[in-house]
Amino acid sequence: MAGNASTRRKTYDAPGSFKPRTTSHSTQTPEHSPTESMTSLLLPQRPANGSSSSNGHPAAMTRKHSTPMMPSFMVSAPGKPAIAASISLRSYLLVSFLSKSHRTVTLRFPDVQLEHTWNMDDLPWDAFSAPGKRKYYYDLVTSLDPDLLQAIQPHIDAVSPKVPEATRKIHHASATSFLYLFLSLASRKSNPCIYTLRSTIPIGAGLGSSATIAVCLSAALLLQIRALSGPHQDQPPQECELQIERINRWAFVGEMCIHGNPSGVDNTVSSGGKAVLFQRRDYRQPPTVIPLRNFPELPLLLVNTRQSRSTAIEVAKVATLRGAHPALTENILDAIGLVTESAHKLLTSPGFDPTSPTALKHLGDLITINHGLLVSLGVSHPKLERIRELIDHTGIGWTKLTGAGGGGCAITILKPQPTAVYGNVNGNGNGTIPHATDSSSEDSDSSSDADADCSASIISNSTKLKHKILDNLEIKLEAEGFEKFETTLAGDGVGVLWPAVLHNGNEEEGGEEIDQEKFLRAEGNEGIERLVGVASARKRKVEREVREGWKFWRPWEGVGGGS
């Protein structure tokens, strides 16, 4: 199940987590490094034409500018709750082409206050094209080349020289990932570009935000060199898989630049979407990986504790417990493995109905058991337990910690319609609402447009009362410093919007272009999603219908493409 620990006896990595890779991707190394904590600050706006740079290199202002050769386009990749499945929170990368006279490449990442411009002619192209060093888009890269890392180091050192050390470390990791991919896949003749990243994923919360960025960069660069054919409506499943594999391979390279020795799980799920079942019984052997292409999309509540956490610390806790109580600890880990197997069997069974209260109750029981086992390992946190308490009090779903625990996020699988909702829902302190049905509440007037939106919500088919419960819960969570997201589990992987133009009922002739300034000015998750053509979770009837123009690789549908 998404977010559960894999079955294992003699090894332990991250509590409550799978560590998957795709079936044909041998890009993963055995161990996993913790996700770095990142700040969320916006850069001051700058001209979209790239006329200046943060490192002091002026653009070629005295030369006559030629016209950019290609339209802007956008790629997008989802995050993951826990380890095994994607979520509908995503990162977005806007690629804007400059005229050839600029001869610069710019990385703009306002979410971590990063902006830097490199002169393309100064970059170490010779090092990356030297005999024995040159890699091609179809190559399998399982380790970083130390000579190539050394060649780009001077260009990394020039990034953000005056920011605090913690922020500079984040900027350098991001710049290393970008430059290594750019120099590996692009060439001296590549068009000058600005790569602008925005994300709706909480950064540093253990949801794979760095992997989604690596996936976006990988997909964008492969698209630019025409190494991807698609996604398109008539693309065969095998070709879809090949395209996803190609993106994932290079995204893993980007992850290595950031984390050194990642597992490959985050980029795998972000590339392919849906879910992956991962098992590693022996670190001397490759892991067992089963893509779950039929994994059902489920309504999900995700709550960020805003509590920093360390995978290494949580792993050390379990190691200490194992040393003191080896037999008990092994039994707990074995039980977590059994929960995982039970959830996998349930979710992939032909008769599983994600709208069935009985089926979801079975899944909810497994989630509750899984969380309890993780708590017994000592890897929860008081903030995670407080979130679970607040959500359990509403009767809205089943909650567990994600990833390594110790902070980060909690996830809740929502019930189709809660049969009993407890607590101060209406703010009157009178305790219990026994049955949340359409006919029992004046707030559930089905004739209203608002209720039509509620009943069509991708979160659930519940009534307006259910959304009132969620709204009330959000107030309580925010009052205690938590951050709530309504999203879905196991949706699409990497997507492409080419050109970056939307036709979602706007008044602009030919559609609305997503340009640099609009992208940077978009405020918060809602602003970003509205700009890129994604409606909020409660308003969209079917997610794909509102992503007009977006294309996704969907091998599970039998053909690829199509939004």
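Bear in mind the structure is a predicted one, so any value in this text is a computation, not a measurement. We use all heavy atoms of the structure for the numbers below, so side chains are in, but hydrogens, waters and symmetry mates are not.
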For the atom pair [atom1] ([X]) and [atom2] ([Y]), what is the distance rounded to the nearest 0.5 Å?
X    : Y    : atom1 : atom2 : value
L197 : L93  : CG    : CG    : 4.5 Å
H172 : I156 : NE2   : CD1   : 7.0 Å
N248 : S218 : CG    : OG    : 8.0 Å
R168 : S160 : CZ    : OG    : 7.5 Å
S184 : L148 : OG    : CG    : 6.5 Å
T399 : L301 : OG1   : CG    : 7.0 Å

| field | Expected output: side-chain T305 to main-chain L384 donor-acceptor under 3.5 Å | value |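 No, T305 side chain to L384 backbone: no donor-acceptor pair under 3.5 Å.
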
| field | M120 backbone acceptor or donor facing R103 side chain under 3.5 Å | value |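 Checked: no pair found.
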
I'd like to know if [X] and [Y] make a salt bridge, using a cut-off of under 4.0 Å between side-chain N and carboxylate O.
X    : Y    : value
E526 : R530 : yes
K169 : E165 : no
D471 : K484 : no
R293 : E241 : yes

| message | Taking the six-membered ring for Trp, are F182 and W125 closer than 6.0 Å centroid to centroid? | response |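 Aromatic pair counts; centres sit under 6.0 Å.
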
| query | Looking at W250 versus Y180, is the centre-to-centre ring distance below 6.0 Å? | reply |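 No, too far apart.
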
| field | Worked check of side chain to side chain contact (heavy atoms under 4.5 Å, CB included) between E474 and E483 | value | CA-CA 8 Å; E474 181 172 13; E483 184 179 25; over 6 Å; no

Taking the side chain as every heavy atom from C-beta outward, state whether [X] and [Y] have any atom pair closer than 4.5 Å.
X    : Y    : result
L221 : Y195 : yes
L94  : Q516 : yes
P231 : F552 : no
E512 : L531 : yes
L222 : I247 : yes

| task | Using the side-chain hydrogen bond (donor to acceptor under 3.5 Å, both in side chains) rule, take T117 and T104 through it: C-alpha gap first, then chi angles, then the decisive distance, then the call. | result | CA-CA 7 Å; T117 297; T104 59; 5.8 Å; no

| Are R134 and Y136 in a cation-pi setup, meaning NZ or CZ lies under 6.0 angstrom from the ring centre and within 45 degrees of the ring axis? |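 Yes - R134 lies over the ring of Y136, closer than 6.0 Å to its centre and within 45° of its axis.
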
| message | Is the terminal nitrogen or CZ of K274 (NZ for Lys, CZ for Arg) located under 6.0 angstrom from the six-membered ring centre of W556 and within 45° of that ring's axis? | response |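 Pair K274/W556 counts as cation-pi.
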
Where is the tightest heavy-atom contact between [X] and [Y], given as atom of each residue plus distance?
X    : Y    : answer
Q243 : L228 : OE1-CA, 3.0 Å
V112 : H171 : O-NE2, 2.6 Å
W550 : V532 : NE1-O, 2.9 Å
H155 : A151 : CD2-O, 3.7 Å
A500 : M74  : CB-N, 4.2 Å

| side chain to side chain contact (heavy atoms under 4.5 Å, CB included) between V276 and L292, worked out | CA-CA 5 Å; V276 179; L292 306 178; 5.7 Å; no

| said: side-chain hydrogen bond (donor to acceptor under 3.5 Å, both in side chains) for Q224 and S190? Distances and angles first, verdict last. | reply: CA-CA 9 Å; Q224 286 179 254; S190 295; over 6 Å; no

| Q150, CD: over 12 other non-hydrogen atoms inside 6.0 angstrom |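 Atom CD in Q150 is not crowded, with 12 or fewer foreign heavy atoms closer than 6.0 Å.
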
| message | Between F109 and I213, does the side chain to side chain contact (heavy atoms under 4.5 Å, CB included) criterion hold? Intermediate values first, please. | response | CA-CA 10 Å; F109 192 0; I213 290 163; 3.2 Å; yes

| request: Check the pair W118 / V159 against side chain to side chain contact (heavy atoms under 4.5 Å, CB included), numbers first and verdict last. | output: CA-CA 9 Å; W118 293 272; V159 175; 3.7 Å; yes

| request: Test S76 against R90 for side-chain hydrogen bond (donor to acceptor under 3.5 Å, both in side chains), laying out the working first. | output: CA-CA 6 Å; S76 169; R90 307 176 70 89; 2.5 Å; yes

| Among V95, L497, V501, I514, the one residue meeting side-chain contact (heavy atoms from CB on, under 4.5 Å) with F73 |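 Result for side-chain contact (heavy atoms from CB on, under 4.5 Å) with F73: V95.
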
| task | Show your reasoning for whether side-chain hydrogen bond (donor to acceptor under 3.5 Å, both in side chains) applies to E297 and T488. | result | CA-CA 6 Å; E297 292 190 24; T488 54; 4.6 Å; no

